[in-house]
Amino acid sequence: MQNSILLKTLRGERTERPPFWYMRQAGRVLPNYLKIKENYTFWQMMQKPSVAAEVTLLPIYDLSVDAAILFSDILVIPHALGMGLDFIETGPVFENPLAFRENPLEGLHPDPSKLNYIYDVIDEIIRTRPENTPLIGFCGAPLTVLLFMLQGLGRKGDFPDAIRFIYEKPEETKQLIDIVTDLTITYIEGQMAHGVDVFQLFDTHAGLLPFDLYQELFMPSVKRIAKVVREKNVPFIFFPKGIGAGITAIKPEDCDYLSIDWQTPLEMARKLVHPAIGLQGNIDPRLLYASQEEIEKRLQPYIEFGKNNQNWILNLGHGFMPGLPYENAKFLSNWVKRVDWGRNI
Ligand code: CP3
């Protein structure tokens with residue numbers, strides 16, 4: 001593992017190119033994933049260690065990325081809190097979303113043992129992974145997880161009933177945040193005990209609240225989570241998508257690396273984010289719909305950035321979407337490895 005280019009970068013060592021992996025790399029664009037999916041439901045894939053481990057490692061072989069990310073979902077936490085959850089063609093669906101319940105707090109019963117199968121998956125990945133392949137553990141940040149719990153349907157844009165609930169019922173919201181955070185921390189401790197090498201916290205919908213409200217209500221939980229991860233010397237990457245100029249307020253004690261969304265130019269982010277924090281990102285996944293000539297043209301600025309910034313992990317500014325051309329994802333990987341990054345190491 002000493003020779004993992006991702007871990008080297010995270011340790012602050014110089015490398016001849018930036019390490020790279022892709023958010024949502026383990027499904028969606030991979031033909032081999034779609035083949036496996038013909039035989040199982042999403043839940044079955046997640047819960048069967050041999051299948052989940054195989055899917056986790058697919059992008060190592062099929063996209064030559066520098067790290068694997070656990071094949072699971074952020075919504076395993078609401079499930080372990082007792083919420084009925086299903087994954088259908090269009091995305092996750094909750095049986096009885098909290099915003100529409102009489103007593104949202106009453107129906108939640110944290111059961112950490114409902115997460116045990118994920119530790120079996122981690123053990124299997126670690127047993128079968130190729131050399132120098134770090135495993136990234138992850139979970140959803142309290143805001144994003146709570147929005148799904150309150151609203152139910154994830155694809156319903158901007159979670160209107162969930163946001164309304166947060167404003168109408170601040171006290172219940174705070175209690176819900178604590179319930180989600182407590183179980184999340186137990187879950188992260190489990191992931192680390194089973195050997196994840198790096199940890200990423202996804203706050204995909206952080207941009208749906210004004211940043212000052214986000215800071216007041218949700219940052220204390222993010223800080224609690226960051227502390228638990230960093231105390232174990234596991235590098236901590238934070239992805240608060242859509243917070244705009246809020247990135248200036250993220251402190252070195254909040255994360256080791258900050259994952260930048262595709263809205264914010266990386267050069268600008270570098271000027272705004274505290275210099276002790278490394279950056280990850282931020283290629284627009286939709287660029288992969290373009291021709292390879294156009295893709296290469298739009299990637300040019302990243303070469304200059306990568307030349308001047310060793311503390312950078314190349315990644316997307318959000319995850320792959322289903323249906324993006326696999327050939328273009330491969331083209332991107334090959335490009336990273338082919339380019340002369342002009343680094344003196
Ligand atoms: O690289 C990976 O795919 C690793 C595992 C992973 C999944 N979900 C598997 C998954 C990760 C890191 C996630 C995170 C996740 N899940 C987030 C945060 C990150 C982000 O990209 O926004 C969110 C908001 C979810 C909730 C979720 N799960 C949605 C909205 C959907 C449906 C839309 C979609 O992205 O496909 C899912 C289903 C899901 N999670 C799939 C996979 C592989 C698709 C299942 C299928 O193939 O049918």
Side-chain angles (χ1 to χ4, degrees), residues 1-23 25 59-69 129-136 197-200 230 233-239 247-248 250 252 255-285 287-288 290 292-320 328-345:
M1 195 61 79
Q2 287 307 307
N3 284 325
S4 148
I5 187 171
L6 175 66
L7 296 186
K8 278 186 181 171
T9 295
L10 289 166
R11 286 197 298 264
E13 293 171 28
R14 297 180 72 83
T15 57
E16 63 189 26
R17 64 166 174 84
F20 72 102
W21 66 280
Y22 306 121
M23 285 190 260
Q25 67 186 16
I60 299 290
Y61 304 110
D62 293 357
L63 289 171
S64 69
V65 288
D66 296 314
I69 180 163
R129 67 181 168 182
E131 239 182 296
N132 292 317
T133 304
L135 176 62
I136 303 171
D197 303 287
V198 178
F199 189 85
Q200 173 152 323
R230 299 181 78 203
N233 288 321
V234 172
F236 182 70
I237 307 172
F238 180 37
F239 178 47
I247 57 176
T248 54
I250 304 298
C255 61
D256 298 295
Y257 271 63
L258 190 65
S259 200
I260 304 299
D261 54 41
W262 49 261
Q263 286 94 335
T264 311
L266 208 49
E267 289 285 359
M268 271 185 213
R270 191 58 285 174
K271 291 195 185 97
L272 294 174
V273 174
H274 192 290
I277 301 175
L279 298 186
Q280 175 176 270
N282 74 339
I283 297 161
D284 184 354
L287 173 60
L288 300 179
Q292 294 187 352
E293 200 184 358
E294 176 74 7
I295 293 171
E296 183 149 5
K297 198 179 98 198
R298 299 226 170 252
L299 290 173
Q300 285 307 306
Y302 287 96
I303 301 177
E304 186 65 15
F305 188 84
K307 186 177 167 198
N308 300 327
N309 294 278
Q310 286 275 344
N311 56 349
W312 170 48
I313 302 164
L314 186 146
N315 203 322
L316 305 173
H318 192 187
F320 281 138
N328 287 352
K330 266 199 356 199
F331 177 80
L332 174 57
S333 297
N334 292 337
W335 176 87
V336 180
K337 295 198 167 171
R338 146 165 77 80
V339 156
D340 177 1
W341 292 93
R343 293 178 170 186
N344 304 314
I345 61 164

Legend entry - Spacing of Leu6 atom CG and Gln280 atom CD [to the nearest 0.5 Å]: 8.0 Å

Inset, instruction - Output yes when a side-chain donor or acceptor of Gln310 lies under 3.5 Å from a complementary backbone atom of Thr15, and no otherwise. - result: yes

Legend entry - Distance-minimising heavy-atom pair for Leu288 and Asn328: O-ND2, 2.7 Å

Inset, instruction - State which residues pass side chain to side chain contact (heavy atoms under 4.5 Å, CB included) with Leu272; sequence neighbours excluded, sorted by chain then number. - result: Ile247, Thr248

Legend entry - Main-chain N/O of Ser4 paired with Asp66 side-chain donor or acceptor, under 3.5 Å: no

Inset, instruction - Apply the test side-chain contact (heavy atoms from CB on, under 4.5 Å) to residues Phe238 and Ile277: give CA-CA distance (whole Å), side-chain angles for both, the deciding distance (0.1 Å), then the verdict. - result: CA-CA 10 Å; Phe238 180 37; Ile277 301 175; over 6 Å; no

Legend entry - Partners meeting ring-ring contact (aromatic ring centres under 6.0 Å, His included) with Phe20 (sequence neighbours left out): Tyr22

Inset, instruction - Rounded to the nearest 0.5 Å, what's the gap from CD on Gln200 to CE on Met23? Could you check? - result: 5.5 Å

Inset, instruction - Decide side-chain contact (heavy atoms from CB on, under 4.5 Å) for Lys330 and Leu63; before the verdict, give the C-alpha distance in whole Å, the side-chain angles of both, and the deciding distance to 0.1 Å. - result: CA-CA 6 Å; Lys330 266 199 356 199; Leu63 289 171; 4.0 Å; yes

Inset, instruction - Give a yes or no on whether Met1 atom CE has more than 12 heavy-atom contacts from other residues, nucleotides or ligands under 6.0 Å away. - result: yes

Legend entry - side-chain contact (heavy atoms from CB on, under 4.5 Å) evaluation trace for Leu299 with Ile283: CA-CA 8 Å; Leu299 290 173; Ile283 297 161; 3.8 Å; yes

Inset, instruction - Measure from the side-chain N and O atoms of Asn309 to the backbone N and O of Asn311, and report whether any donor-acceptor pair falls under 3.5 Å. - result: no

Legend entry - Test item: Ser333 side-chain N/O and Ser64 main-chain N/O as donor-acceptor pair under 3.5 Å: no

Inset, instruction - Using the salt bridge (Lys or Arg N to Asp or Glu O under 4.0 Å) rule, collect all pairs that involve residues 260-283, keeping only residues at least two apart or in two chains. - result: none

Legend entry - Distance (rounded to the nearest 0.5 Å) between Ile260 CD1 and Met268 CE: 12.5 Å

Legend entry - salt bridge (Lys or Arg N to Asp or Glu O under 4.0 Å) contacts touching residues 296-308 (sequence neighbours left out): Glu294-Lys297, Glu294-Arg298, Glu296-Arg338

Inset, instruction - Count the heavy atoms belonging to other residues, nucleotides or ligands that lie under 6.0 Å from CD of Gln300, then report whether that count exceeds 12. - result: yes

Inset, instruction - Hey, could you give me the CG/CG distance between Leu332 and Leu316, rounded to the nearest 0.5 Å? - result: 7.0 Å

Inset, instruction - Look at the side chain of Trp21 and the backbone N and O of Ile313, then say whether any donor-acceptor pair between them is shorter than 3.5 Å. - result: no

Inset, instruction - Any chance you could measure Leu266, atom CG, to Trp312, atom CH2, to the nearest 0.5 Å? - result: 6.5 Å

Legend entry - Side-chain donor-acceptor pair present, Asn282, Tyr302, cut-off under 3.5 Å: yes

Legend entry - Atom pair CD1 (Ile136) and CD1 (Ile237), whose distance is rounded to the nearest 0.5 Å: 5.5 Å

Legend entry - Selection residues 7-16 - residue pairs positive for salt bridge (Lys or Arg N to Asp or Glu O under 4.0 Å), sequence neighbours left out: Arg11-Glu13

Legend entry - Test item: Thr133 side-chain N/O and Glu131 main-chain N/O as donor-acceptor pair under 3.5 Å: yes

Inset, instruction - Give the intermediate values and the outcome of side-chain contact (heavy atoms from CB on, under 4.5 Å) for residues Arg17 and Ile5. - result: CA-CA 9 Å; Arg17 64 166 174 84; Ile5 187 171; 3.8 Å; yes

Legend entry - Residue list, side chain to side chain contact (heavy atoms under 4.5 Å, CB included) with Pro275, at least two apart or on another chain: none

